[in-house]
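Following: one structure in structure tokens, then a few remarks.
Heads up: numbering here begins at 1 and tracks the sequence. Note that this is a predicted model, so its numbers are computed, not measured.
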Amino acid sequence: MSRSFLDQPERGSGTVLAAGLALVVIMAMALVLLLAQSAVMASRAAAAADLAALAAADALRGLVVGEPCVVAEQVASRNAARVVSCSEGAGQTIEVRTELIARTMLGTATGRARAGPPP
């Protein structure tokens, strides 16, 4: 006695379930990669801001020749970033905000740093 297709209504449901599960796994991996890329870009933006602020603080103290914000822009551009703001504070400190030139799908990575002599 053979069974007909109508007697087995769940035939092929395992394939659909496996395809759906594979799609969920692929979407989760894409999300993890996107978040990892954003974390790396944020780290790069912070590093560019740190380096630019340190170089600008050196220029402000006279250890390096040049205007502090111009020096900060030069250092930031060498790190694939641009200076969004650069301001001198009290006690020969300087604050620099940068953003990376390259964008991610989640937006632009930004960094902020302040540098100066020890208090």
Closer than 3.5 angstrom, by distance alone: can the side chain of T98 be matched with the main-chain N or O of A81 as a donor-acceptor pair? no
Sorted by chain and residue number, the salt bridge (charged side-chain N to carboxylate O under 4.0 Å, His left out) partners of R61 (sequence neighbours excluded) come out as none
What pairs of residues pass the salt bridge (Lys or Arg N to Asp or Glu O under 4.0 Å) test when at least one of them lies in [range], not counting sequence neighbours?
{"range": "residues 12-29", "answer": "none"}
{"range": "residues 104-119", "answer": "E95-R112"}
{"range": "residues 64-93", "answer": "R82-E99"}
{"range": "residues 21-42", "answer": "none"}

Tracing side-chain contacts under 4.5 Å among Ile, Leu, Val, Met, Phe, Trp and Tyr outward from M41 reaches L100
Could you tell me which non-hydrogen atom of [X] sits nearest to which non-hydrogen atom of [Y], and how far apart they are?
{"X": "A115", "Y": "A53", "answer": "CB-O, 3.4 Å"}
{"X": "A48", "Y": "N79", "answer": "CB-CB, 3.8 Å"}
{"X": "G66", "Y": "A59", "answer": "O-CB, 3.6 Å"}

So disulfide bond (SG atoms under 2.5 Å apart) across residues 88-119, not counting sequence neighbours, yields none
Quick note, disulfide bond (SG atoms under 2.5 Å apart) partners involving residues 39-82, not counting sequence neighbours, are C69-C86
Taken in chain and number order and not counting sequence neighbours, the residues that satisfy side-chain contact (heavy atoms from CB on, under 4.5 Å) with A56 are P68, A72, I94
Handout entry: Close side-chain approach of V96 and V83, heavy atoms under 4.5 Å
Key = yes
(request) Would you check if Q74 and V70 make a side-chain contact, meaning some heavy-atom pair closer than 4.5 Å? (result) yes
Sorted by chain and number, sequence neighbours left out, side-chain hydrogen bond (donor to acceptor under 3.5 Å, both in side chains) with S87 holds for none
So the side-chain hydrogen bond (donor to acceptor under 3.5 Å, both in side chains) pairs with at least one residue in residues 27-50 (sequence neighbours excluded) are none
